[in-house]
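Proteins get letters first, then strands, A, B, ... in listed order; numbering begins at 1 in each. Computation of the quantities below employed the complete heavy-atom set of this structure, encompassing side-chain atoms and omitting hydrogens, waters and symmetry-equivalent molecules.
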Protein chains: 2
Amino acid sequence: MERAGVALLPMRAEALKGHLDGLLLAALEDGPRHGYAVKEALRDTTDGRLDLPTGTVYPALHRLEQAGLITGSWSVVGGRRRRTYELTEDGRRSLAGARDHWQEFAAAISTALGGAPWPATS
Amino acid sequence: MERAGVALLPMRAEALKGHLDGLLLAALEDGPRHGYAVKEALRDTTDGRLDLPTGTVYPALHRLEQAGLITGSWSVVGGRRRRTYELTEDGRRSLAGARDHWQEFAAAISTALGGAPWPATS
DNA sequence: CGCTATATATAGCGACACTACGTATGGGAG
DNA sequence: CTCCCATACGTAGTGTCGCTATATATAGCG
């Protein structure tokens, strides 16, 4: 049991707070994707550790679009409508900022949390 | 201007969500501390990057105590009352779990965020 | 003909850190 | 001696934001 979800040690599901936008932007960096594909991309690149519910992904994409970080366009593929998103210039800048911010944040937390400073690759 | 605070790139202040408890427990690992000292310890060990407001620290400590992860005792030092906290056994276990969880979480985010996988020590 | 995967959407909830206060003492600056 | 700041604790209320639950619709498989 408990093989799915964000973590095997379910501390808090809200650990994602504040980092989601960057993840979504990163998933769109390699090229346009529609919402469901973004969700799958995040799941696949993290070996299933980041399996976000659709109720998280879609509203977040809407916010990003409204913020001008991505642009979306409708299309129909195989009878199913899709909204395909693409990074804007602002989106790319924001992604870069999100990466910087993550580095700083992760370094600070890792330092304060102590134990093993950084995860050994082994 | 803007030399203080959690980050030089203020993304979201709620980035802490779900990680605070572990940080507080870690600050108590080396020995008992009172609330204000915990706040200072986190600020100092992170070079001022993690300067939590008292309105964040104290309620969190109360929660941890109610959860049985720390125990507190009153004392008076220099006319000022202090509540000194100490890790319980459950607290130590929880801290270990928090570290594990952080490693997994950080690895997943770093992977999904891409860019530089892990910060080079140099 | 269900059942699952694909694909999108939203209303309401809940968790939790933060803002903005309030209380009180000790010590240094003026 | 009197501000004012650092120390030291506290809480009520706020706001953000990811999640739950639910809804719609098509394609394909058994």
Considering only heavy atoms, which members of residues 57-66 of chain B lie under 4.0 Å from some atom of DNA chain C?
B:Arg63
Across all chains, not counting sequence neighbours, the side chain to side chain contact (heavy atoms under 4.5 Å, CB included) partners of A:Glu89 are A:Arg92, A:Arg93
Just say parallel, tilted or perpendicular for the rings of B:Phe105 and B:His19, cut-offs at 30° and 60°.
tilted
Listed partners of A:Arg80 passing side chain to side chain contact (heavy atoms under 4.5 Å, CB included), at least two apart
none
What integer distance in Å separates B:Leu52:CG from C:dC16:C1'?
13 Å
Using whole Å, what does the distance between atom P of nucleotide C:dT19 and atom CG of B:Leu16 come to?
11 Å
Under 4.0 Å: is that the gap between some side-chain N or O of A:Thr54 and OP1 or OP2 of C:dT8?
no
Please identify each residue that fulfils salt bridge (charged side-chain N to carboxylate O under 4.0 Å, His left out) with A:Arg82, with sequence neighbours left out.
none
In whole angstrom, what separates A:Lys39's NZ from C:dT8's C1'?
13 Å
Whole-Å distance, B:Arg43 CZ to D:dA8 C1', equals 14 Å
Report the C-alpha distance between B:Asp21 and B:Ser94 in whole Å, list the side-chain angles of each, state the deciding distance to 0.1 Å, and finish with yes or no for side chain to side chain contact (heavy atoms under 4.5 Å, CB included).
CA-CA 9 Å; B:Asp21 291 2; B:Ser94 185; over 6 Å; no
Using whole Å, report how far NE2 of B:His19 lies from C1' of C:dA17.
12 Å
Mind running a 4.0 Å heavy-atom check of residues 72-88 of chain A against DNA chain C and sending the residues that fall below it, in number order?
A:Trp74, A:Arg80, A:Arg81, A:Arg82, A:Arg83
Could you check which residues of residues 26-36 of chain A get a heavy atom under 4.0 Å from DNA chain C? Sort them by number, please.
A:His34, A:Gly35, A:Tyr36
Side-chain donor-acceptor pairs of residues 22-39 of chain B under 3.5 Å, sequence neighbours excluded:
unit_1: B:Glu29; atom_1: OE1; unit_2: B:Arg99; atom_2: NH2; d: 2.9
unit_1: B:Glu29; atom_1: OE2; unit_2: B:Arg99; atom_2: NH1; d: 3.2
unit_1: B:Arg33; atom_1: NH1; unit_2: B:Ala27; atom_2: O; d: 2.6
unit_1: B:Lys39; atom_1: NZ; unit_2: B:Asp51; atom_2: OD1; d: 3.2
unit_1: B:Lys39; atom_1: NZ; unit_2: B:Leu52; atom_2: O; d: 3.0

Rounded to the nearest 0.5 Å, what separates atom CZ in A:Arg81 from atom OG in A:Ser75?
11.0 Å
So how far is it from A:Leu64 CG to A:Ile70 CD1, rounded to the nearest 0.5 Å?
4.5 Å
Going by the rule side chain to side chain contact (heavy atoms under 4.5 Å, CB included), which residues pair with B:Thr71 if we only count those two or more places apart in sequence or in a different chain?
B:Glu86, B:Thr88
Between C:dT8 (C1') and A:Leu24 (CG): distance, integer Å:
15 Å
Return the value, rounded to whole Å, for the distance between atom CG of A:Asp21 and atom P of D:dC17.
8 Å
Rounded at 0.5 Å granularity, tell me how far CG in B:Asp90 sits from CG in B:Leu95.
12.5 Å
Roughly how far apart are B:Ile109 CD1 and A:Leu20 CG, rounded to 0.5 Å?
9.0 Å
Roughly, in whole Å, what's the span from CD in B:Glu40 to C1' in D:dC9?
14 Å
Nucleotide opposite D:dG28 in a Watson-Crick or G-U pair, distances under 3.5 Å:
C:dC3
